[in-house]
There are 2 protein chains.
Amino acid sequence: MAKARVVPLDRSSPVPLWAQLEADLRRRLADGEFSRQFPTDRELVETYEVSRHTARDAVDRLCAAGLLERRRGRGTFVRPEFEQPAGALYALFRSVEASGAEQTIELRALTECTNADAAAHLEVAPDEPLVLIDRTRLADGEPLAIDCVWLPASVARPLLDADLAHGVLYHELAQRCGVHVTGGWERIRPSIPTPCDCEALQMPADTAVFTIERLGRADDRPVEWRVSMVRGDRYSFVTTWDPRTGVDRIPTWQTGTAVG
Amino acid sequence: MAKARVVPLDRSSPVPLWAQLEADLRRRLADGEFSRQFPTDRELVETYEVSRHTARDAVDRLCAAGLLERRRGRGTFVRPEFEQPAGALYALFRSVEASGAEQTIELRALTECTNADAAAHLEVAPDEPLVLIDRTRLADGEPLAIDCVWLPASVARPLLDADLAHGVLYHELAQRCGVHVTGGWERIRPSIPTPCDCEALQMPADTAVFTIERLGRADDRPVEWRVSMVRGDRYSFVTTWDPRTGVDRIPTWQTGTAVG
DNA sequence: ACGTATTTGTTCGTATGTATT
DNA sequence: CAATACATACGAACAAATACG
């Protein structure tokens, strides 16, 4: 465990104390300093020398962002699921897992190659060597998605020896390559798969899929370009809204036809 | 304008004061009591006889939910866009409008009919008469989506005389039929349009669309069943995330290829 | 152009209630 | 029962942005 490094707050700064505190707690969270238990209000008051109100303000925002969870009488806890990658693609994997289905991965290819399109998104030269990870994801043995990832070989070459049929890519990427994906974007489009992709997904020829393009960044540069195809006849994107309880909830993935 | 009806707070209730206050402000917002300007902190303190801290707590939550907006030195304001319908479909219309494109509507059909599938979603008998609104939506003259809505004729018959080529359906529904849609769900799927739909959308035969199914409820019962097809070759669903600044979990629609 | 009043933003302090250990 | 930790609620003061005479 890394030793606690606390950045002292600057009271003469125009940045509010709660914002400085929130930023430092975000940094310490990203450093993995709190495995599960988070400092109590009182501890924060003492280490940062602020009022309890200010400490709560910062922690409240981290709770609202979903990183922490407070439990009355017990303490504040890190939400481990939020250490997992963000975005609609990983939300799908998690919702499938939460449904009780057993997820397995078939590795179709794990090689070094070049790809001009992926290179463009990764902002490297078109002939720059890339690591390609081509996998099929299955839920209870039935194909759910095909998932192609390209990463610059200069940073991702250690992955060629990794076991990518289990676990989360980002964990391997952090452990073996020292790269932490911190942000990015995703674009979701409907598309018609090629006959080859249709076969891999074991779906009829006249059905459409979600194509999810995903770019992951490691602070200073893009490191992950991914194109995934998700069976649209089995999975759909569902949103509910209700002005009384709060509107526009986070979309979730569902299978089947019933919507609450 | 309705006279201000303030529900007194119950200090012996186990429900926190801020929750009671938030609920009452939500109700007054729904009643349209505040056209644009919202009470100041001081006014809330006086009318509800709570501390400023409690009043701010309630208002902060309404701000977080997106219903209000506070501006230092000016006051608190109702966000008018939040009086508009929620969901991915209306988010698309708004983002197209925000892009500067001129939106027009072509009315293809406005009739009374029956439809067993729609009736099932509206929870009425299969032969119950429905109002069908079948429209094509265009952005700068180019087809963007086709949009079919079914409503129970018993409540929506006044719409047969309405001008549905302009304005928002929900406004007509509220004005002519006295029905306020307050909640519901949406399901998004990729699909392949029929040749007929392809023609209406003026798109090539081998492209896929987003199918958005939408169920709108008026508190006690479903009143709107809608199936829309959005050109997937022109519009995509984009999400960005960034753990440092807070994860952006609300997807937006974009056209073109550039993603920030 | 300036000063004052208003309004929200931030920060402190204090006390009490409630759930958990 | 007691200690701990979060939840709620009150009060007070000053700062920063805005509006207005």
Once base and sugar-phosphate atoms are separated, protein heavy atoms under 4.0 Å mark nucleotides 4-13 of chain C, 5' to 3', with B, S and - as ---BBBBBBS
Taking the basic N atoms (NZ, or NE/NH1/NH2) and the acidic carboxylate oxygens, is any pair closer than 4.0 Å for [X] and [Y]?
| X | Y | answer |
| --- | --- | --- |
| A/R70 | A/D41 | yes |
| A/R189 | A/E213 | yes |
| A/R234 | A/E142 | yes |
| B/R221 | B/E123 | no |

On the ring face of A/F237, is B/R187 found with NZ or CZ under 6.0 Å from the centre and within 45° of the axis?
no
Cationic tip of A/R71 within the cone over A/F77's six-membered ring, i.e. under 6.0 Å and within 45° of the normal?
yes
Return the polar atom pairs (N/O with N/O) between nucleotides 1-3 of chain C and the protein under 3.5 Å, or none.
none

Length of the line joining A/L68:CG and D/dA5:P, which is rounded to integer Å:
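Answer to the nearest Å: 16 Å.
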With a 4.5 Å cut-off on side-chain heavy atoms, are B/D147 and B/R226 touching?
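Of all side-chain heavy-atom pairs linking B/D147 with B/R226, at least one is under 4.5 Å.
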Tell me if the aromatic rings of A/F210 and A/W253 count as close, with their centers under 6.0 Å from one another.
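So the answer is yes for these two rings.
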